[in-house]
Amino acid sequence: MNTTSQRKRIGMGAVLLAALVILVLMLTSAPADTQVAAAVQPALLAMAAEQPDTAVRVIIQKSDPASDIETSVAQLGGTVIKDLHIINAVVAEMGAATAVDLSYNASVNWVSLDGAVDSAGK
């Protein structure tokens, strides 16, 4: 193999390696919206997409106990129903899309639909 062919092969290898590194970096660095959306229950996301104005009751877990998420809920037109201080959360009523919007707040750790709880002894 002559020197020119070797240089071309090395050059192509370097270009392919650089392209692979860029592709891996693009795939592993998720945008901020994707990371935030992961903090929302999938069923709530689906509901917000299909029926954004439907009133829902949600549990909003705070990322910090000192967070004033109640004010954020009120500013978005929702109503806090109950304080769940044991799990650092509140129960609120608001539109489905609004509940998803609230997940973008840095003070929110998780947003999920509030469901009925049945006693195990029944």
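For A43, the side-chain contact (heavy atoms from CB on, under 4.5 Å) partners are Q41, L113, not counting sequence neighbours.
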Where do L44 and V58 land on the side chain to side chain contact (heavy atoms under 4.5 Å, CB included) test, with the steps shown first? CA-CA 9 Å; L44 177 57; V58 292; 4.1 Å; yes
Audit row: S107, D68, side chain to side chain contact (heavy atoms under 4.5 Å, CB included) steps and yes/no: CA-CA 8 Å; S107 298; D68 183 20; over 6 Å; no
For residues 81-95, tabulate all N or O donor-acceptor pairs below 3.5 Å that involve a side-chain atom, not counting sequence neighbours.
residue	atom	partner	partner atom	Å
D83	OD1	H85	N	3.4
N88	ND2	K62	O	3.0
E93	OE2	R57	NE	3.4
E93	OE2	R57	NH2	3.1

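Remark: the D64 side chain and the S67 side chain contain no N/O donor-acceptor pair separated by less than 3.5 Å.
The minimum heavy-atom distance between L102 and S72, with the atom names listed, is CD1-CB, 4.0 Å. Across all non-hydrogen atoms, the minimal contact from S103 to V108 is CA-CG1, 4.2 Å.
Using a 4.5 Å cut-off between side-chain heavy atoms of Ile, Leu, Val, Met, Phe, Trp and Tyr, with links allowed through other members, V56 and V100 fall into the same hydrophobic cluster. Put simply, M47 and L45 are part of the same group of oily side chains (I, L, V, M, F, W, Y) that touch within less than 4.5 Å, one to the next. Residues V111 and I69 are members of one and the same hydrophobic cluster, defined by side-chain heavy-atom contacts under 4.5 angstrom among Ile, Leu, Val, Met, Phe, Trp and Tyr.
Between V73 and I60, some side-chain heavy-atom pair lies under the 4.5 Å cut-off.
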